[in-house]
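Single-structure report; data block below.
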2 protein chains.
Amino acid sequence: MQGAARQSLNGGAERGAAGVSANVDGSTLDGKGPLFGQIKRAVAGQILRGRWQAGERLPNEEQLSSLYGVSRQTVHKAIALLAREGFLVRRRRAGTFVASVRHDRFALPIEDIGDVITRNGGVYEFRILDRKTLRNGEGLRWPDVPDGTPLLSLDCLHLGDGAPIQYERRLVNLDAVPEVADEPFDSVAPSRWLVDQVPWSSAEHTVKAVNATADLAALLGVEPGTACLSIRRQTVHLNRSITLVHFLSVGDRFSLSGSSITDSATELNL
Amino acid sequence: MQGAARQSLNGGAERGAAGVSANVDGSTLDGKGPLFGQIKRAVAGQILRGRWQAGERLPNEEQLSSLYGVSRQTVHKAIALLAREGFLVRRRRAGTFVASVRHDRFALPIEDIGDVITRNGGVYEFRILDRKTLRNGEGLRWPDVPDGTPLLSLDCLHLGDGAPIQYERRLVNLDAVPEVADEPFDSVAPSRWLVDQVPWSSAEHTVKAVNATADLAALLGVEPGTACLSIRRQTVHLNRSITLVHFLSVGDRFSLSGSSITDSATELNL
DNA sequence: CGGCCAATTATGTACATACATTATCGTCGC
DNA sequence: GCGACGATAATGTATGTACATAATTGGCCG
């Protein structure tokens, strides 16, 4: 059907011929989905199968367009996407190269702990252990926020089926989110509330492993020294620091898992 | 200069006029960088500043194009990118909507431990502690690979400035990567070698915190029970499992850090 | 020989146009 | 009223064309 669509799109004859010449070279399009996607798969396939080696230079857009029998823009779109996904590196005038270093990242979901517990069929609760307002620099300091800024400090415990899973220590910038001062957090957890209130944001994360202190161990109901996953997150919105939060989770009750960021291979069905 | 470029691109008069009409609506382009980027910033700005609320419907491409005084394709490119980045949701015939749920993920870099140490000015070494070949199911089992598959098993220690940083326990599928059998790994570490050999792949990861066992603690030179970051990674290439690796790192000598996957906000300078 | 400058080449952006695709909406007929 | 069905409105894809931008290349000149 897609093939048929293409036929009707561009009066068969010419592009049909071009298609044939492409096949000669072993660069066949599979006819599934949009043309640019077919080009992506074709090119990615060459790379994944090692026919185009790392560092090697690809034919230029002009050549690829005649090779596959499509317009340069269509090739451009496909190649530009592959470049954006990290498969290729492009340099003007120099050409397009198979990326040599996989600047690989893996993606871990940032999820509300409540969602995770609920999704896994558990019963989620949270408790606010402590709540106070203070000014930055008095007793503690949040480096990325000016001294004297009013802050809301929250200590919170998240439980799944009654068992403590995660301890949360949070600071919220009251200059940036003054409404938070009036929120009792008796039904909705702070993290959830913030997600709902502050529409979009970027964040920085650090993940490490720590041994539970005596206090923390008591809260989480484990032996002191138990390994805990520590996730520190700072959220920024419109260049203003919104919240700084530190999650501590019992190692064997909580983990992060995810797949490679470039789901291209999956996407590309290769 | 960009502004000037645009002037010369499209004979000043007409688009100049369109630009003015856009300004009336408060939707001014900043004139920095490519047009589609300006559109992205303008639209993302509306969202980030809450003028376009979650779930709300945007003007269609036609309207946006006359609003900003650019062609529909340019609008399309900008909007399609924002949609890909998760800011917008698009449905044919229905329109474009501000995404309500932030399907947020954060990205952590997967880097060669050697690179990390070297980049931080340290001296990197590694030692192969144990190397043997075996068949899957004999003594241990890698679930995603058929029983009986020949495997290479490697135990490896990574050191920074002489201090153990990370312990690596790895299985390599010899059916998928037979060349690995002949590689002595006396100068290049297994992870590095595999990255170089197996061109592209996707991977699954799990991160958690564990307490060091006595053996592990001895290897890493820490007290038994010290919190360690555990990263398990399974790599797949062309639907075949390549390698299964387990990294264990001393909590306070190693951490993962990264930023939100949608670096759009950063990208967009908002 | 070395450095500067101009030609060249490859990618990047923009517009116009056309047609494809897909839901939704409304209408017609039962 | 309700379902089928076609009109319609939105996004999605593809091509042609033109020009912008960047960087390599090579030649020219000192």
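Only a predicted model underlies this, so the values are computations on that prediction, with no experimental measurement involved. Every chain is numbered from 1, with letters handed out A, B, ... down the list of sequences.
Taking atom CG of A:L81 as the reference point, atom P of C:dT13 lies 12 Å away to the nearest angstrom. Residue B:K40 contributes atom NZ, which lies 11 Å from atom P of C:dT13 at whole-angstrom precision. Atom CG of A:L64 is separated from atom P of C:dG12 by 13 Å (rounded to the nearest Å). Look at CD1 on B:I39: it is 11 Å from C1' on C:dA14, rounded to the nearest Å. When rounded to the nearest whole Å, the span between CD of A:Q63 and P of C:dT9 equals 12 Å. Whole-Å rounding puts the B:I79 CD1 to C:dA14 P distance at 14 Å.
Residues satisfying the salt bridge (Lys or Arg N to Asp or Glu O under 4.0 Å) test with B:E168, not counting sequence neighbours, are B:R170.
Taking a cutoff of 4.0 Å between a charged side-chain nitrogen and a carboxylate oxygen, A:R232 and A:E204 do not qualify as a salt bridge.
At a threshold of 4.5 Å between non-hydrogen side-chain atoms, the residues A:Y68 and A:V43 count as touching. The closest side-chain heavy-atom distance from B:F36 to B:I79 is not below 4.5 Å. Annotation: side chain of A:R72 is in contact with side chain of A:E62 (closest heavy-atom distance under 4.5 Å).
Neither OP1 nor OP2 of C:dT13 sits under 4.0 Å from any side-chain N or O of B:T74.
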Shorter than 3.5 Å, N or O on both sides, protein versus nucleotides 10-12 of chain D: list them out with atom names.
{"unit_1": "D:dA10", "atom_1": "OP1", "unit_2": "B:R57", "atom_2": "NH2", "d": "3.1"}
{"unit_1": "D:dA10", "atom_1": "OP2", "unit_2": "B:N60", "atom_2": "ND2", "d": "3.4"}
{"unit_1": "D:dA10", "atom_1": "O5'", "unit_2": "B:N60", "atom_2": "ND2", "d": "3.4"}
{"unit_1": "D:dT11", "atom_1": "OP1", "unit_2": "B:R90", "atom_2": "NH2", "d": "3.4"}
{"unit_1": "D:dT11", "atom_1": "OP1", "unit_2": "B:T96", "atom_2": "OG1", "d": "3.1"}
{"unit_1": "D:dT11", "atom_1": "OP2", "unit_2": "B:E61", "atom_2": "N", "d": "3.0"}
{"unit_1": "D:dT11", "atom_1": "O2", "unit_2": "B:R92", "atom_2": "NE", "d": "3.3"}
{"unit_1": "D:dG12", "atom_1": "OP2", "unit_2": "B:R90", "atom_2": "NH1", "d": "2.6"}
{"unit_1": "D:dG12", "atom_1": "O4'", "unit_2": "B:R92", "atom_2": "NE", "d": "3.4"}
{"unit_1": "D:dG12", "atom_1": "O4'", "unit_2": "B:R92", "atom_2": "NH2", "d": "2.7"}
{"unit_1": "D:dG12", "atom_1": "O6", "unit_2": "B:R72", "atom_2": "NH2", "d": "2.6"}

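Shown here for B:K40 and B:A78, the closest heavy-atom pair between the two residues is CG-O, 3.6 Å.
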